[in-house]
Amino acid sequence: VVTLGYVSGSPIGYERESVPMALLTAWAFIALNLGLLLSGGLGPVLSAWMRPADGAGRPKSERVFDRRLLAGTVAVAGLIALAGFFLARSAQTAARARAFKELEAIASLKAEHVVQWRQERMGEARFLHRTPAVAADVATFLARPEDPAVRAALLGWLEPIKGGERYAAVLLFDAGGNLRLAVPESAGGTAALPANAGLMLGDLAIAADGRSVHLDLLAPIRPPPAPGSAAAPPPAPIAFIMLRLNPAQFLYPMIRDWPVPSATAELLLVRREGDQAVFLGPLRHRPAAALLERRPVHDAALPGGRVRAAR
């Protein structure tokens, strides 16, 4: 029974908490039991059954009947085992098909969640980029940074945008890349600011402390166009607002959470860099592996090897 389970690809007890019996262990038990049977009472019985007919032996007709009965029993047992094997293979194929469909549906659902989350963040950055009142407040603050009223007016809408734990920090840089204001005040950072950059969602990056990971969303702030200059090219940005995200706050949990109970399921966020697959999020047994764990992209034995066609 154990051998048939391994041959069919579904070891008995594999889906439970107990560890299934190893195939070699099952064969060892079979050999041990056969040895005990042959060394015990079964040996003389087989010798008598196979002994030719004589005065003290069994009649030939009885021996022929016994042999036919044994052959029939073996044939029936073989047919039962064969039917059980094909039934197990059929059930295994159906179970795998259901599992693949479930995985595909979950992967599609997670991808939609990530896209929706990205669109929401880009929408907030787009609001900052396009709202004239935002540009006016930022321009006033850059002109009079020491004015408490101007600073309070700017913080009056920067702090609600941070929204508690929605963003790790909201940073205001001038056109030269100098940090002018941070929410919270303890937050700091640098930014590479292209002169004519539009809305930009950066890549996941390791923070300056070397332990955490962050994701920056950059919104350029341009002065509102003068009346009658709609056809003119947009002016250069006067400042940049950076919305710094902590992926461990929402993105990683959203990807990690499995919609159905599972003891082994795991979703991975992987990026291809040359011949390396970089794991962008924590792993089940390595919570600090984000952006640190790398595997060859052509190693098919690892999950990272299945992203060869990723971009």
Side-chain angles (χ1 to χ4, degrees), residues 99-126 161-171 183-184 186-192 199-219 241-311:
F100 285 142
K101 289 183 179 179
E102 179 180 304
L103 290 175
E104 184 179 4
I106 292 175
S108 299
L109 178 64
K110 292 295 181 179
E112 291 177 1
H113 287 172
V114 172
V115 170
Q116 182 179 1
W117 172 82
R118 183 183 184 276
Q119 290 176 345
E120 290 175 355
R121 304 287 78 76
M122 293 296 290
E124 293 177 350
R126 193 173 294 111
I161 286 178
K162 182 180 179 297
E165 299 297 331
R166 180 170 51 183
Y167 293 104
V170 179
L171 309 174
V183 180
S186 59
T190 59
L199 294 176
M200 184 173 62
L201 180 63
D203 292 330
L204 290 165
I206 299 178
D209 57 11
R211 294 174 297 176
S212 59
V213 178
H214 64 80
L215 183 65
D216 293 337
L217 178 58
L218 197 63
I241 294 179
M242 177 182 290
L243 305 176
R244 174 153 291 175
L245 296 129
N246 180 8
Q249 189 66 33
F250 182 77
L251 181 61
Y252 289 162
M254 178 181 62
I255 295 175
R256 182 180 62 246
D257 291 342
W258 201 259
V260 294
S262 176
T264 59
E266 183 177 12
L267 281 168
L268 302 177
L269 190 61
V270 184
R271 179 176 66 205
R272 178 172 180 169
E273 294 183 0
D275 291 334
Q276 298 288 317
V278 183
F279 293 86
L280 303 181
L283 304 180
R284 177 186 292 271
H285 302 293
R286 291 195 59 188
L291 298 176
L292 300 176
E293 185 74 13
R294 292 173 177 264
R295 288 290 185 271
V297 75
H298 297 292
D299 189 353
L302 298 172
R306 303 181 184 181
V307 293
R308 299 173 185 173
R311 295 293 183 266

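We number each residue from 1, following the sequence as shown. FYI, side chains are in, hydrogens and waters are out, and symmetry mates aren't considered; it's all heavy atoms of this structure.
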K.L.:
Hey, does Leu199 have a side-chain heavy atom less than 4.5 Å from the side chain of Arg126?
P.N.:
yes
K.L.:
Can you check whether Met122 reaches Leu217 side chain to side chain, under 4.5 Å on heavy atoms?
P.N.:
yes
K.L.:
Does Arg256 have any salt bridge (charged side-chain N to carboxylate O under 4.0 Å, His left out) partners at least two apart in sequence or in another chain, and if so, which?
P.N.:
none
K.L.:
Give the C-alpha distance, both sets of side-chain angles, the deciding distance and a yes or no for side chain to side chain contact (heavy atoms under 4.5 Å, CB included) between Met200 and Asp216.
P.N.:
CA-CA 8 Å; Met200 184 173 62; Asp216 293 337; over 6 Å; no
K.L.:
Looking only at non-hydrogen atoms, find the nearest pair between Pro184 and Ala168 and report the distance.
P.N.:
CD-O, 3.7 Å
K.L.:
If the test is side-chain contact (heavy atoms from CB on, under 4.5 Å), which one of Leu171, Val170, Leu218 qualifies with Ile241?
P.N.:
Val170
K.L.:
Do Tyr167 and Glu124 pair up side chain to side chain, a donor and an acceptor below 3.5 Å, judged on atom types alone?
P.N.:
yes
K.L.:
Under 4.5 Å between any side-chain heavy atoms of Pro296 and Asp275, yes or no?
P.N.:
no
K.L.:
Could you state the interatomic distance from NZ (Lys110) to CG (Leu267), rounded to the nearest 0.5 Å?
P.N.:
6.5 Å
K.L.:
To the nearest 0.5 Å, what is the distance between CG on Leu251 and CG on Leu204?
P.N.:
6.5 Å
K.L.:
Quick check for you: to the nearest 0.5 Å, what is the distance between Leu245 atom CG and Leu215 atom CG?
P.N.:
5.5 Å
K.L.:
Do you know which two heavy atoms are closest between Pro247 and Pro253, and how far apart they sit?
P.N.:
O-CD, 3.7 Å
K.L.:
Closest approach of Pro282 and Tyr252, non-hydrogen atoms and distance?
P.N.:
CD-CD1, 3.5 Å
K.L.:
Verify side chain to side chain contact (heavy atoms under 4.5 Å, CB included) between Leu201 and Arg118, making sure each step is shown before the conclusion.
P.N.:
CA-CA 9 Å; Leu201 180 63; Arg118 183 183 184 276; 3.5 Å; yes
K.L.:
If I compare all heavy atoms of Ala290 with all of Val213, which pair ends up nearest, and what's the gap?
P.N.:
CB-CG2, 3.9 Å
K.L.:
Can you tell me how far apart CD1 (Ile106) and CH2 (Trp258) are? Round to the nearest 0.5 Å.
P.N.:
4.0 Å
K.L.:
Could you work out, with side chain to side chain contact (heavy atoms under 4.5 Å, CB included) as the rule, every residue matching Gln116, not counting sequence neighbours?
P.N.:
Glu120
K.L.:
Mind checking whether Asp203 and Arg271 have side chains closer than 4.5 Å, heavy atoms only?
P.N.:
yes
K.L.:
Any chance you could measure Gln249, atom CD, to His214, atom NE2, to the nearest 0.5 Å?
P.N.:
15.5 Å
K.L.:
Quick one: does Ile255's side chain get under 4.5 Å of Val114's, heavy atoms only?
P.N.:
yes
K.L.:
Taking the side chain as everything from C-beta on, heavy atoms only, tell me whether Glu165 gets closer than 4.5 Å to Phe250.
P.N.:
no
K.L.:
Quick one: list whatever passes salt bridge (charged side-chain N to carboxylate O under 4.0 Å, His left out) with Arg294, sequence neighbours left out.
P.N.:
Glu273
K.L.:
When rounded to the nearest 0.5 angstrom, what distance separates CG in Asp257 from NE2 in His113?
P.N.:
10.5 Å
